[in-house]
Structure formats: C-alpha cells, structure tokens
Amino acid sequence: MEIQFDLADKPFNLDYTLGCGQVFRWFRSKEWWYGIIGKTIVRVRQASDRLIIQSFPENKETKLVFSEYFGLGENLKEILSRIDKDGEIHNAIQKYNGLRIIRQDPWECLISFICATNTNISNIQRMIQNICQRYGNEIFYKRKKYYSFPTPDILAKAKIEDIQKCGLGYRAKYIISVSNKIASNPTLLEELEQHDYHAAKNSLVGKELGNKTFKGVGAKVADCILLFSLNKTIAFPIDIWIIRTIIEHYSHLYDVGFISRIKEKVYTKKGSISIKEYNLLQKRMVEYFGEFSGYAQEYLYLHTRNKVLS
DNA sequence: ACCCAGGCGATTG
DNA sequence: CAATCGCATGGG
C-alpha cells in the first residue's frame, strides 16, 4: 500500500529537497529515495505532479506525518514570490523551484549539525550513518537493514572513544554533553518551537550556570536547527557558501570596509568570521529578504554551491 | 605533503 | 571584550 500526494499547482522537487544538505540520512537508488521518518521506513519518488510514498509500518496518521515532514502545508509559491527580489535569487528560484524546507526531528537535527562543523557533506553522512549503526535499532524491511536514530539516553551513556570511532573526532565530547542535557530534559528542544526566533536561538547558543547549555552549538548550527526543525523560517544560517554569495551579489547591502574585511578572510582562508561579523552578515540579509529568509538562504546556498562544484 | 570541508571552544592580547 | 588558534577526520 502506498500514499500519494497531488502536487498539481504545488511546486515540489524531491531531489532538491532531500539533496540540498538539510537532511543527511536519505539516499537515492534509481528513482526512489530511501529514508526513515520517525520509526517509519520510507521510500519516496516523484512522478511529475505526484509524490508517491511507500512506508512500513503504516498507520492512519502516516499521511499527515509525511505532509508535515515535507512541508507540503506551506504555500511555497507565495513564499517564493515574497523572496523573489533580484536577479540572483530569481535565477536560483527558477533553477531550484520546488525545493522545500523539511520539518525534521529536532533531536536528530541537533546531533546532525553538531557533526556538520568544519567538514563536508559526505563526511557528515558517514558520521551519522556510523552513529545510527552503532547506537540505533535495526529495522528490517524488504530484506534490507535500516537503523533508527539513537535516543538521547543511549548516546548519553555511550563511551567517548566509541563515538570517536564513528569518525566524529573532537565532536564526540559535544555529542555526549548534549545528549545528557536532552536525556535529562526530553522536551527541551520541542519547547523552543513555542518561542520566537531570537528567544529560541538564545537558548540554543546561551549559557546556564556559567557554561554552555549545548556544547558544539554556535550561531551557525543553531540557525540550522531553528530553520530545519523548529519552524523558524526567518533563520538565515551563514556558512562559507552564503558568504561567497553575499560577496558576489549582495555586497551593496554592507559597508565597503566590512565587505573587504570579509573578503580578506574568505580568500586568504586566514581565520573564520567572528560572531559579530556573522550577526551583521545575517542581519542585512534578513532585513532584505524578510520573514521567509530561510528559504532564500536555501535557494542561494544550493545555487552557489552547485555553480562552483559542477 | 598539503589543503580544504556548510565552525566551535578555549586561550590569548 | 575581541581576535587568534587548535581541532579529528577523510578526500582530493
């Protein structure tokens, strides 16, 4: 049995949505994408105006869960028209029309983006795959093995050396620390969705009792969590690709001196941007693109990245 | 051998 | 405070 969504007049592109680096556990084989949503094993394919989903196990809520996960409730056409403000974003929207922001599990998102610092996407995928193989539960479906994403209490009890063996290196200690935090307060992340962007972000990057609540979570990682799992469409993560986009196409939004300093850092590879520079880069972009800045970020990110890598 | 990859935390100045 | 500097790991 399978579920279908009618995509007529709804921009949606499965390849861009699953392949743009917001989720790391999906893989494509021929026309199907394979993945796990919650505890449900899923394969998905797109046939022009339909999204076809086969899943195991199924229940009555499955269709609603999938609709939510893929962001099908959002009026993407309207959102894209709101951020379509210049030639560069216009080209990105034309090329990647149908890219949607997924509403993924905040816990998985938190761990995934702690892994995502100072590395590349294929390595992130490998780290997370290793974590799931070692600490998740095996699920068999159609004679293939899948693994659930491990729970906070399982990772909290893990040995740091074992997590390092998953290829996480210096990130392993952050995983243990954050897992303990969530294991002792399981609803902490979900509660952040009730707060506005700034309050939620302060909780993610802030301190309590003098030390950081979420080690390994800085501004960039926090913005990814807010955008990809906590429904904060105003979040605009600043990464190296977006900085390149800004330098090339949005430098007029900044002081000349500021931009040249950013250029210097990026081109010479001498040091990363400071938190102040991060915040200013972000502030101007959000002023420019508005409440759906996060969508603009994703379109620009993919556009710039694929221009360079292809 | 060296550099880079969707930064962060600890340590300095 | 703000700026600088290791950091684990894998691939090119």
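Letters A, B, ... are given to chains in the order of the sequence lines, protein chains preceding strands, and every chain is numbered from 1. Keep in mind it's a predicted model, so treat the numbers as computed, not measured.
A donor-acceptor pair shorter than 3.5 Å can be found between the side chains of A:Y278 and A:D223. When only modelled atom types and interatomic distance are considered, A:Y250 and A:D86 share a side-chain donor-acceptor pair under 3.5 Å. Using modelled atom types, one finds a donor on one side chain and an acceptor on the other under 3.5 Å when comparing A:T245 with A:T304. Between the side chains of A:T187 and A:E191, a donor-acceptor pair is found at a separation under 3.5 Å.
Considering only residues two or more places apart in sequence or on other chains, A:F24 meets the ring-ring contact (aromatic ring centres under 6.0 Å, His included) condition with A:F113. A:E287 meets the salt bridge (Lys or Arg N to Asp or Glu O under 4.0 Å) test with A:K283, A:R284; sequence neighbours excluded. Every residue two or more places apart in sequence or in another chain was checked for a ring-ring contact (aromatic ring centres under 6.0 Å, His included) with A:Y146, and none qualifies. Taking the salt bridge (Lys or Arg N to Asp or Glu O under 4.0 Å) definition, one finds that A:D84 meets it with nothing, sequence neighbours left out. Applying the side-chain hydrogen bond (donor to acceptor under 3.5 Å, both in side chains) test to A:D6 and every residue at least two apart in sequence or in another chain returns nothing.
Put simply, A:K173 has a side-chain N or O that comes within less than 4.0 Å of OP1 or OP2 on C:dA8.
No close placement of the A:Y299 and A:Y96 rings is indicated, their centers lying 6.0 Å or farther apart.
Using a 4.0 Å heavy-atom distance criterion, A:A172 is classed as making no nucleic acid contact. Residue contacts shown for A:G216 are limited to sugar-phosphate atoms, with no base heavy atom under 4.0 Å away. A:I121 comes within contact range of at least one nucleobase, with a heavy-atom separation under 4.0 Å.
Near DNA chain B, meaning a heavy atom under 4.0 Å away, the residues from residues 103-117 of chain A are A:A116, A:T117. Residues from residues 243-254 of chain A with heavy atoms under 4.0 angstrom of DNA chain B, sorted by number: A:R244.
Taking for each of A:Y174 and A:P237 the nucleotide of DNA chain B with the nearest heavy atom, the 5'-most of the two is the partner of A:P237.
The ring-ring contact (aromatic ring centres under 6.0 Å, His included) pairs that include a residue from residues 150-184 of chain A number zero, where partners must be two or more places apart or lie in different chains.
The neighbour count for A:D9 CG, taken as heavy atoms of other residues, nucleotides or ligands under 6.0 Å away, does not exceed 12.
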With the criterion being N/O to N/O and under 3.5 Å, what pairs connect the protein with nucleotides 10-12 of chain C, and how long is each?
{"from": "C:dG10", "atom 1": "O3'", "to": "A:R126", "atom 2": "NH2", "distance (Å)": "3.1"}

Using nucleotides 1-5 of chain C, report all nitrogen or oxygen pairs with the protein that are shorter than 3.5 Å.
{"from": "C:dA2", "atom 1": "OP1", "to": "A:K276", "atom 2": "NZ", "distance (Å)": "3.4"}

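With a 4.5 Å cut-off between side-chain heavy atoms of Ile, Leu, Val, Met, Phe, Trp and Tyr, the cluster of A:Y69 takes in A:I3, A:F5, A:L7, A:F12, A:L14, A:L18, A:V23, A:W26, A:W33, A:I37, A:V42, A:V44, A:L51, A:I53, A:V65, A:F66, A:F70, A:L72, A:I102.
Read 5' to 3', the first and last nucleotides of DNA chain B with an atom closer than 4.0 Å to a heavy atom of chain A are B:dC4 to B:dG9.
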